[in-house]
Amino acid sequence: MDTLIKGGRLILETGEIEANLAIKDGRIVAILDPSLPLPDAREVIDAHGLVVMPGAIDVHTHFTGSHDFPREELQQGTLGAAIGGITTIAEMPHSAPPATTLDAFLQKKALLAETSTVDFALWAGLDGKNVAELASMDEAGAIAFKAFLCSGDPAGDATDEKGLPRLNDDGLLRAMREIRTFDGLIGIHSENHDILIGAGEEMRRAGRKDIRAHALAGPEIAEIEAVGRVATIAAETGARCHVVHVSSGRAARIIAAAKSTARITLESCPHYLILDEEDLVRIGPNARCGPPLRQRPVVEQLWDAVLAGDVDMLASDHCPYMPEQKAAGHASIWDAGMGLAGIETSVPMFMSEAYHKRGVSLARIAAMTATAPARAFGLYPRKGAIAVGFDADIALYDVNASWTVAGSEFKGFAKWSAFDEMTCGARVERTIVRGKTVYERGAATEISPGHGTFIGRIK
Ligand SMILES: [Zn+2]
């Protein structure tokens, strides 16, 4: 045996048990009754008092798209993923150039293979012109295809060289029909383009540059309308479909109701569940994201959806902007980078709120952070659960910890957090990727960049 994790409280798909976990050649080989004698192992990890969770799978990260130093960001920032209990990331296609062609996709794969501490999967992008390229990227292991229904540009073009243009309804229908042919997954940023452009222009005409104007420029109805349209086209085409970063409880309900006719899942993010519009005004540019943080009653409706089991999974939507890219928003909120740095806090902050304050079980949290993403994105049964035969991707948690978030200590360039100075009641003590410890709190861990390996969609 290579490694034995003894004395922990294991969170399995079937529920919690006290057991010892045996690892060999990077895989889980046995779950052992604690009354049995321990087998010999080269490494024994004492997990008494700790919760043994399946490593989280974060299906929504932007390490390569937030600024111009993707290599350095990946080298440092994916260590941050490990610190946050995340053992696999799924990187979005945004980058220079975006992963909308097989060449660009393979370039990106090579970059992450050299730099990522944790395992990685890759999204490809839809730009309305590359329908004929999709099957080849699927063949190369793309786990999903990203589409935008909106753009900051009124004409719908990409707003920079890393971004994607909006897909119009015809483009969306054609993309879903094509993706259906190889049973791929389309993931959609679902906000109504015309409503967002109209609301944004109204703010600009009024000369608004303040922080609240950002919230007013992203009304909830834009999201509610768009998810209904997405669900309709998903049902019509039969394509597997995933809605990213849902911030509205009403939108989540519409998607959940559509599951009887469409193959559709959704994710939400910690910031939509913990922060609200008043926090946005208090925090400033560091809390600017799209969709914007919502008013408190909307946040509570989103929690109702979580508690009803209607939110399939959690994702960080990690956008590690340089501090100056965010600070630009103090003069005019429209100049602040759009997105939050959240890879290190995503699961601990969600767990803190969900488990301690909302009564969500650890089994449900494991489902939302690991099992559901693995199943929806084609990484199951290799990733996403603690079970014999799975990769030994594990995070050990102290769920009775208390620590204060300090973005200044984050790995990577984004040394800031919208959760700064908030207290978190769950802490990652150790993270293991394919049997190897890549993070141990308070200890120097020998891990070279590039430990992470590419995980393609399992068919
Ligand atoms: Zn995103």
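Both backbone and side-chain heavy atoms feed into the values below; hydrogens, waters and symmetry mates do not. Start at 1 and go down the list; that is how both ligands and their atoms are numbered. Given the structure is predicted, the values throughout are model-derived calculations rather than measurements.
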### Query
What heavy-atom pair brings Arg253 and Ala308 nearest, and what distance separates the two atoms?
NH2-CB, 4.0 Å
### Query
Distance-only, no hydrogens or angles: does the Arg240 side chain make a donor-acceptor pair with backbone N or O of Asp183 under 3.5 Å?
yes
#### Entry: Asp317: its N/O/S atom lying closest to the Zn ion (ligand 1) (atom name)
OD1
### Task
Measure the acute angle between the ring planes of His62 and His94, then classify it against the limits of 30° and 60° as parallel, tilted or perpendicular.
perpendicular
### Query
Within less than 2.8 Å of the Zn ion (ligand 1), any N, O or S from His62?
yes
### Task
Please determine if the Zn ion (ligand 1) has an N/O/S atom from His60 lying under 2.8 Å away.
yes
## Note on the structure
Heavy-atom closest pair (Thr437 atom, Thr445 atom, distance to 0.1 Å) is O-CG2, 3.3 Å
